[in-house]
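Counting from 1, the numbers follow the sequence of the chain as shown.
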Amino acid sequence: MIGYIKGELTEISENEIIVESQNIGYAVSVPMTVIDKMPPVGSQVKVYTYLYVREDILALYGFLTKDDLKIFRLLITVSGIGPKGALGILSTISPDDLRFAVLSGDTKTISKAPGIGTKTAQRLIIDLKDKLSLEEAFEAKFEHQQGSSTSTASNGKNEAVLALTALGYSQAEALKAVSASGASDDMSSDEVLKLALKKMMTF
């Protein structure tokens with residue numbers, strides 16, 4: 001298994017990059033989000049990879065973070081979603097947004113990905129819901145955010161979700177209410193909770 005490739009970025013195309021390491025050019029298929037973040041050709045890059053082997057197919061798929069790679073691995077376990085489908089999803093939806101979409105049962109967001117219809121989105125949610133946790137989703141989002149104020153605000157939302165589940169709401173209901181509450185970045189958990197409870201009444 002090739003864990004990652006580190007070397008010179010020699011080519012960038014629509015959905016593939018070539019990284020040269022020790023005189024070997026590795027063609028790596030990547031989501032559009034990776035293409036958008038690539039430095040100029042000639043720069044040094046490190047790409048976390050997944051080696052896909054099937055019959056006569058041998059392909060490398062690459063990501064900029066271990067978290068992206070982890071989500072990719074989960075996606076390809078879903079029936080009907082192969083590596084290309086998983087890349088399409090990650091080109092459209094960030095890992096953070098995908099986690100929250102799965103946990104809240106948001107088929108609309110997931111079906112925005114190319115080639116992913118409502119039925120496939122529903123199957124994806126069913127298959128992955130037990131493999132993800134709300135705590136993990138918030139922790140991952142914290143790591144990806146910059147600035148202490150944003151982190152504090154997100155922590156307030158996390159606490160509000162936990163408070164709602166303690167009141168007897170399901171995790172999906174709590175997450176949906178907090179996400180739709182319109183809470184601002186400077187609100188405390190109590191303020192977020194009040195808005196979320198009001199939103200609950202409209203569902």
Worksheet item: What heavy-atom pair brings K129 and G105 nearest, and what distance separates the two atoms?
Response: NZ-N, 4.4 Å
Practice prompt. Quick one: pull up CZ in F63 and NZ in K46 and give me the separation to the nearest 0.5 Å.
Written response: 15.5 Å
Worksheet item: Considering residues at least two apart in sequence or located in another chain, which fulfil the side-chain contact (heavy atoms from CB on, under 4.5 Å) criterion with K37?
Response: L64
Discussion item. Restricting to side chain to side chain donor-acceptor pair (under 3.5 Å), what partner residues turn up for T10, sequence neighbours left out?
Written reply: none
Worksheet item: Would you say S21 and I24 make side-chain contact, with heavy atoms under 4.5 Å?
Response: no
Worksheet item: Of all residues at least two apart in sequence or in a different chain, which pass the side chain to side chain donor-acceptor pair (under 3.5 Å) check with T109?
Response: D106
Worksheet item: Under a single-linkage definition using a 4.5 Å side-chain heavy-atom cutoff for Ile, Leu, Val, Met, Phe, Trp and Tyr, are L9 and I5 assigned to the same hydrophobic cluster?
Response: yes
Worksheet item: In chain order, what residues pass the ring-ring contact (aromatic ring centres under 6.0 Å, His included) check against Y50, with sequence neighbours excluded?
Response: F72
Item to complete: Measure across I35 and S13 and return the closest heavy-atom pair with its distance rounded to 0.1 Å.
Response: CD1-O, 3.4 Å
Worksheet, complete the sentence: Heavy atoms of V178 and A196 approach each other most closely as CG2-CB, 4.0 Å
Fill in: Min side-chain heavy-atom separation Y61-V30 under 4.5 Å
no
Return a table of donor-acceptor pairs under 3.5 angstrom between the side chains of residues 78-91 and protein atoms on other chains or two or more places apart.
{"from": "S91", "atom 1": "OG", "to": "M32", "atom 2": "N", "distance (Å)": "2.8"}
{"from": "S91", "atom 1": "OG", "to": "L87", "atom 2": "O", "distance (Å)": "2.8"}

In a table with atom names and distances, give each donor-acceptor pair under 3.5 Å that connects a side chain of residues 113-122 to protein atoms at least two apart or in another chain.
none

Discussion item. Is there a path of hydrophobic side-chain contacts, each under 4.5 Å between heavy atoms of I/L/V/M/F/W/Y residues, joining V41 to I18?
Written reply: no
Discussion item. Are the side chains of I71 and R99 in contact, using a 4.5 Å heavy-atom criterion?
Written reply: yes
